[in-house]
There are 2 protein chains.
Amino acid sequence: MDNESNLRNERKRGSGVKVVYDILRDEILDLELPPGSPIDEVQLSERFGMSRTPIREALVRLAGEGLIDTLPNRSTMVSQIDFLNMHSYFDALVLMYRVTTQLAAKYHRPEDLEGVRALQAEFADAVEAQDALAMISTNAALHLAIAEAGRNPYFTSLFSRLLNEGRRILRLYYQSYNDRLPRRFVEEHDEIIAAIEARDTELAERLAREHAEQIVGQIQKLLVRGERLDIGL
Amino acid sequence: MDNESNLRNERKRGSGVKVVYDILRDEILDLELPPGSPIDEVQLSERFGMSRTPIREALVRLAGEGLIDTLPNRSTMVSQIDFLNMHSYFDALVLMYRVTTQLAAKYHRPEDLEGVRALQAEFADAVEAQDALAMISTNAALHLAIAEAGRNPYFTSLFSRLLNEGRRILRLYYQSYNDRLPRRFVEEHDEIIAAIEARDTELAERLAREHAEQIVGQIQKLLVRGERLDIGL
DNA sequence: TGTATTTATCTTGTCGACAATAAATATGCA
DNA sequence: TGCATATTTATTGTCGACAAGATAAATACA
């Protein structure tokens with residue numbers, strides 16, 4: 001905390017909002033700020049060593065992405081994860097997996113695949129190390145890189161939002177995530193990347209769909225277990 | 001303008017940002033503020049009779065939706081319409097037409113259709129009156145109502161963004177839009193609504209796809225004509 | 001006269017303070 | 001004691017002012 005507030009005078013003009021936004025966003029997605037946590041403006045302004053104005057602008061951005069909820073004239077807090085409408089989430093996630101992968105097969109340039117392969121290597125390492133947190137974030141980064149190779153900013157931005165939301169959901173259960181099966185994901189990624197490289201849009205789409213449904217099934221299993229274990233719903 | 005600034009003392013606390021946001025958003029989408037228009041904070045604060053702080057928050061929201069671009073420490077202006085990557089737009093638009101209509105057939109409740117029908121009647125009136133602007137906005141409202149009946153907020157919000165963007169594109173050429181053919185759209189809407197009511201998801205999806213492709217083809221024709229007429233590209 | 005450097009201006013980013021609203025607390029009354 | 005009302009407190013929404021960048025203008029120098 002002192003680290004943050006001591007940046008007071010070294011900060012560049014205009015960077016304040018971005019710093020606050022990035023840090024809060026990560027803390028929300030990593031569940032360091034769990035859903036329902038109160039967000040206090042003066043407290044944040046003390047913590048970051050700046051006035052409430054830039055804090056407020058960062059909060060407006062976060063609210064725009066649905067990561068925090070603001071009750072007018074009252075408190076603002078980290079938004080809840082909507083377990084009741086989870087199927088909407090899964091529908092959207094699967095469709096974005098499919099369409100971004102398909103477009104990547106169609107529109108990617110050779111140099112795009114370098115970054116994708118690097119992230120796939122990272123993902124494989126995370127699986128090998130059974131590091132669930134790293135798996136979640138590198139998986140998201142990998143698929144986002146694929147989406148970017150598809151060059152459709154509308155799909156990419158929705159997909160990015162969905163993957164972030166998923167980061168939050170999965171982190172809820174990441175303890176339970178330490179089992180054997182994700183090794184299959186590494187192979188599936190390899191197949192998907194090969195299909196993209198071959199510019200086989202149909203195959204890429206089909207593989208992405210199966211991959212996404214695998215993942216969704218995985219999450220659903222965790223959710224059911226989680227509901228029985230620690231959540232009421 | 002005086003009307004706006006005279007609201008100074010009658011305004012409710014907290015409503016300032018929303019007012020500015022709504023007005024600016026409409027002006028941008030209606031091309032009253034054409035792409036590239038400079039956005040000056042002090043000028044807006046004089047116009048709306050409030051300080052720069054709420055203006056700024058409204059601008060942050062608009063920037064979050066990509067309607068304005070902000071150059072740090074420098075000016076901010078209405079964002080350009082990206083004619084070069086228009087195919088990304090069309091891909092996303094068609095897909096959202098399809099998926100939201102399909103989900104509406106699956107998840108709608110009977111009372112949802114009342115609103116949909118009302119909007120369809122408005123659309124028919126606008127076509128009858130050859131009122132291009134009303135056609136554009138009621139068409140967007142109709143399809144957004146259908147999307148909401150599908151109850152997937154992720155798709156609905158992307159679709160809403162796309163329809164707004166389309167409002168901006170179409171208004172560029174709305175003069176050229178005054179011809180006979182959109183009467184077909186009224187019939188297509190009726191068929192789509194019937195398929196939704198019958199909960200025939202496959203038919204609804206197919207009709208929505210054809211409808212969307214009709215519209216896209218229509219826009220593309222306008223664009224090509226527009227490029228030859230008044231834009232360079 | 002043309003270019004480099006300094007000065008002025010204009011717009012944004014940040015600040016600290018005040019006002020309004022709603023919740024929490026205290027008070028009055030039966 | 002129990003409930004309605006008044007008061008305090010906490011937190012947000014808004015304001016006006018100042019400072020920092022960046023551009024435009026003015027000046028100095030070759």
Side-chain angles (χ1 to χ4, degrees), chain A residues 1 3-25 28 33 36-79, chain B residues 1 3-25 28 33 35-64 66-79:
Chain A
M1 285 191 222
N3 290 340
E4 281 157 2
S5 63
N6 282 345
L7 293 175
R8 199 180 311 247
N9 298 320
E10 316 160 20
R11 232 181 36 240
K12 267 164 214 151
R13 175 188 174 83
S15 69
V17 240
K18 187 175 161 40
V19 170
V20 176
Y21 169 81
D22 284 340
I23 292 180
L24 285 183
R25 182 170 162 281
I28 292 172
L33 291 173
S37 302
I39 304 279
D40 186 72
E41 293 176 6
V42 301
Q43 186 180 316
L44 288 174
S45 80
E46 286 167 10
R47 171 178 166 197
F48 289 102
M50 62 182 77
S51 97
R52 276 175 53 225
T53 311
I55 304 279
R56 227 144 183 295
E57 292 192 5
L59 295 184
V60 170
R61 286 185 56 186
L62 289 169
E65 296 174 34
L67 290 177
I68 63 177
D69 287 329
T70 302
L71 311 192
N73 278 318
R74 238 164 320 176
S75 67
T76 137
M77 55 190 213
V78 178
S79 67
Chain B
M1 284 189 223
N3 290 340
E4 280 155 1
S5 64
N6 283 344
L7 293 175
R8 196 181 313 249
N9 298 320
E10 317 160 19
R11 233 182 33 241
K12 268 163 213 150
R13 174 189 174 84
S15 68
V17 250
K18 185 173 162 42
V19 170
V20 177
Y21 169 82
D22 285 339
I23 292 180
L24 285 183
R25 180 169 164 282
I28 293 172
L33 291 173
S37 302
I39 304 279
D40 186 69
E41 294 176 5
V42 302
Q43 185 180 316
L44 288 174
S45 80
E46 286 167 10
R47 170 178 167 197
F48 289 101
M50 62 182 78
S51 97
R52 276 175 52 228
T53 312
I55 303 281
R56 230 147 181 293
E57 292 192 5
L59 295 183
V60 170
R61 287 184 57 185
L62 289 169
L67 291 178
I68 63 176
D69 286 330
T70 302
L71 312 190
N73 276 319
R74 235 165 320 176
S75 67
T76 137
M77 57 191 211
V78 178
S79 67

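Letters go in sequence order (proteins before strands), and every chain restarts at 1.
Nearest approach of B:Ile55 to B:Glu41, heavy atoms of both residues: CG2-O, 4.3 Å. Across all their heavy atoms, B:Gly66 and B:Ser79 have their closest contact at O-OG, 2.9 Å. Across all their heavy atoms, B:Met77 and B:Ile39 have their closest contact at CA-CG1, 3.9 Å. Taking both residues in full, the closest heavy atoms of B:Thr70 and B:Ala63 are given as OG1-CB, 4.4 Å, listed atom of the first, atom of the second, then distance.
Protein atom CE of B:Met50 is 16 Å distant from nucleotide atom P of C:dA20, rounded to whole Å. When rounded to the nearest whole Å, the span between CZ of A:Arg52 and C1' of D:dA10 equals 12 Å. A:Asp40 has its CG atom 5 Å from the P atom of D:dT12, to the nearest Å. Computed from coordinates, the A:Phe48 CZ to C:dT14 P distance equals 14 Å when rounded to whole Å. Computed from coordinates, the B:Glu46 CD to D:dC15 P distance equals 13 Å when rounded to whole Å. Rounded to whole angstrom, the span from the CD1 atom of B:Ile55 across to the C1' atom of C:dT11 amounts to 15 Å.
Proximity of A:Thr53 to the phosphate of C:dT14: no side-chain N or O atom is located under 4.0 Å from OP1 or OP2. For D:dC15, one of the phosphate oxygens OP1 or OP2 lies less than 4.0 angstrom from a side-chain nitrogen or oxygen of B:Ser51.
Listed nucleotides: C:dT12, D:dT12, C:dC15. Nearest to the side chain of B:Glu41: C:dT12.
Counting any heavy atom pair closer than 4.0 Å across all strands shown, A:Ile39 reaches sugar-phosphate atoms only and no base atom.
For the atom pair A:Leu59 CG and A:Ile68 CD1, the distance stands at 4.5 Å (nearest 0.5 Å). Atom CG in B:Leu67 sits 11.0 Å away from atom CZ in B:Arg61 (nearest 0.5 Å).
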Do any side-chain atoms of residues 16-25 of chain A form donor-acceptor pairs under 3.5 angstrom with protein atoms, and if so which ones, sequence neighbours left out?
unit_1, atom_1, unit_2, atom_2, d
A:Lys18, NZ, A:Asp22, OD2, 2.8
A:Tyr21, OH, A:Glu65, OE1, 3.1
A:Tyr21, OH, A:Glu65, OE2, 2.4

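Comparing A:Val17 and B:Arg13 by the nucleotide of DNA chain C whose heavy atom lies nearest to each, the residue mapping closer to the 5' end is A:Val17.
A heavy atom closer than 4.0 Å to some atom of DNA chain C occurs in A:Asn73, A:Arg74, these being the qualifying members of residues 65-77 of chain A.
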